[in-house]
Amino acid sequence: MIEMNGRNSLLKEVLDSSTLISEYSVKGYKIEIIKENKIIYYSANPLYDFALEPLFFSELTSLIYKNKERLSKGILKFDELLETLKSICMWKILEIDNLSINPDVFAELFIYRLIKLDRIMCLFLDDSVNEIYMDQKNSQIYLDHQYFGRCNTKIILEEDEIEGLLTRLKLEHPISISPKKPSLKVEFQTKFFHLRISMDFPPLSPNGPTFNIRKLKSNPLTLVDLVNLGTFPSIIGAYLVEAVKRRRNITVIGEPNAGKTTLANAIDLYTPKNWRKIAIEDAIESIDQSSLGYKHLSIQVDSFESNKANHTKTSEILKLLHRSPDWIYLGEIQSREHTQAMFEALNAGLKGIQTAHSDSIHKILRRWENLHKISPSDFLSLDIIIIMKRDITEFSFIRRIFEIYEVNKEFGEDSPNQDFLTRIYNVEENNERIIENIKEKSLLKEFYTSIRKRNQKFQKNEHLQGVEDIGC
């Protein structure tokens, strides 16, 4: 597979000379990236096409219905459903002569087709697919690919396929759709994939159901990975680890799909393992770190789409003051209430990472002050503000840190209107200038020697994290 690590010229050369750009395998599917009339298409072909052997599908379906009592003992989550259906039909599959693919893969392809998810399951399983879109009924699905950017598909979901997806989501979560509640926002997590799904229905979307599916990676990217992807230079990775070590508040802002959560998760992996960490989100996008040895509590609050007020982000942020965290993770600070609760927590001395939507530091500060009624003196509870941007090129998306600012504490509360922001990094600056900024201007300048040593490790692609790197 062609890896898009800043090599658009190579891809352009391939596009100009060939229809087939790339091909690779995802469990049960062969993926092809194709150019047709200057448009890039993502095509997924199952390794076994039941349309060519309808008798097999009919026999296996009949076998499932004969054993349907095994499916009626309670609501089965996706993983349970998959294993139960496999146990029913696997003996029959093993009797098939000259089966061209692995029986386990064959069984899964059959089950995906049975529950009407076979044509989009490949998108769920492919780790290179970052986001999936359907804008209206009878429209082609398109997606964002990690290496090839925005790709079209020729998939147009039938009504029963949309209903199959919705049915599965209802079985995973207690949700309901009505004209008064025409939206949903839920997670769909299995051992194979983790999705955050937003769907809208009429009358909110007059042209039929729509969805936006965000893929959450099972193997999170580290800061070293992001350096290699060109998200920021290695010296900035070393600087961010030092910021975590010194418990500096880090606010990551950017437009949607700019890479805020990916960066926040990568930074969050470099905390000491003895810290008590609490994450508050409406859709869980932070990494469950318990299996990695971290002391990590995740709290999921009601989203705007749920129309509930039982567990709001605002109330749970305020409860943090009584939960004794060493480090907090606040995902998607959006409303006035969220912002006010966040600043109350930060002013009380809590430290951690926050994400919010904006494309510039001045816009978000203006919004917080004018719309969310935050006093400028409260901005001094911030430490580091990172601006992420997504550059859309002809053939790919490039997500990068655009700027990093530090809040200069020397101005104090008596002079909140002065320019209290110090720019530490800009994407256009060369490495020497960045190093000089950290060494001369940064609030972390006294730790420059440590940052420099760590930078050498980053340059050697050493995946150091947690206590091993921080020296706790």
**Q.** Contact summary for Asn437 and Ile424, nearest pair of heavy atoms
**A.** ND2-O, 3.0 Å
Q: Please determine if Glu255 and Lys389 form a salt bridge, counting it only when a charged side-chain N lies under 4.0 Å from a carboxylate O.
A: no
Q) With side chains defined as the heavy atoms from C-beta onward, is the minimum distance between Gln136 and Ser205 less than 4.5 Å? A) no
Q. Mind checking what makes salt bridge (Lys or Arg N to Asp or Glu O under 4.0 Å) contact with Arg248, not counting sequence neighbours?
A. none
**Q.** ring-ring contact (aromatic ring centres under 6.0 Å, His included) partners for Phe211, two or more places apart
**A.** none
(Q) With a 4.5 Å cut-off on side-chain heavy atoms, are Ile40 and Ile21 touching? (A) yes
Q. Listed by chain and number, what are the salt bridge (Lys or Arg N to Asp or Glu O under 4.0 Å) partners of Lys260, not counting sequence neighbours?
A. none
Q.
For a quick check under 3.5 Å, do Asp126 and Tyr24 share a side-chain donor-acceptor pair by atom type?
A. yes
Q) What residues, two or more places apart in sequence or in another chain, satisfy side chain to side chain donor-acceptor pair (under 3.5 Å) together with Asp359? A) Lys363
Q | Lys/Arg-Asp/Glu bridge criterion (N-O < 4.0 Å) met for Asp326, Lys295 | A | no
Q. Do we get Lys27 above Phe192's six-membered ring, with its NZ or CZ under 6.0 Å from the centre and within 45° of the axis?
A. no
Q: In plain terms, say whether Lys439 and Glu436 are close enough for a salt bridge, that is, a side-chain N and a carboxylate O under 4.0 Å apart.
A: no
Q. Charged N to carboxylate O under 4.0 angstrom, Glu32 versus Lys30?
A. yes
Q | Test side chain to side chain donor-acceptor pair (under 3.5 Å) applied to Arg336 - qualifying residues, sequence neighbours left out | A | none
Q) Who pairs with Asn212 by side-chain contact (heavy atoms from CB on, under 4.5 Å), at least two apart in sequence or on another chain? A) Glu131, Tyr133
Q.
Once side chain to side chain donor-acceptor pair (under 3.5 Å) is applied, do any residues pair with Lys154, and if so which ones, sequence neighbours excluded?
A. Glu36
Q. Partners of Phe447 by ring-ring contact (aromatic ring centres under 6.0 Å, His included), sequence neighbours excluded?
A. none
Q: Could you pull out all residues at least two apart from Tyr425 that satisfy ring-ring contact (aromatic ring centres under 6.0 Å, His included)?
A: none
Q) Is any NZ, NE, NH1 or NH2 atom of the basic residue among Glu332 and Arg196 found under 4.0 Å from an Asp or Glu carboxylate oxygen of the other? A) yes
Q.
So, using salt bridge (Lys or Arg N to Asp or Glu O under 4.0 Å) as the criterion, who are the partners of Glu337 when residues are at least two apart?
A. none
Q: Output yes when Arg113 and Glu108 qualify as a salt bridge under the 4.0 Å nitrogen-oxygen rule, no when they do not.
A: no
(Q) Looking at Lys215 and Asp144, is there a salt bridge between them, counting it only when a charged N and a carboxylate O are closer than 4.0 Å? (A) no
Q. Which residues pass the salt bridge (Lys or Arg N to Asp or Glu O under 4.0 Å) test with Glu429, sequence neighbours left out?
A. Arg423
Q) Above 12 or not: heavy atoms from other molecules or residues under 6.0 Å from NZ of Lys77? A) yes
Q) Does a side-chain N-to-carboxylate-O contact under 4.0 Å join Asp79 and Lys191? A) no
**Q.** side chain to side chain contact (heavy atoms under 4.5 Å, CB included), paired with Ile386, selected from Ile361, Ile253, Ile267
**A.** Ile267
Q: Could you tell me the separation between the CG atom of Leu221 and the CG atom of Leu269, rounded to the nearest 0.5 Å?
A: 10.0 Å
Q: For His372, check side chain to side chain donor-acceptor pair (under 3.5 Å) against everything at least two apart and list the hits.
A: Thr339
Q. Is the closest basic N to carboxylate O distance between Arg246 and Glu446 below 4.0 Å?
A. no
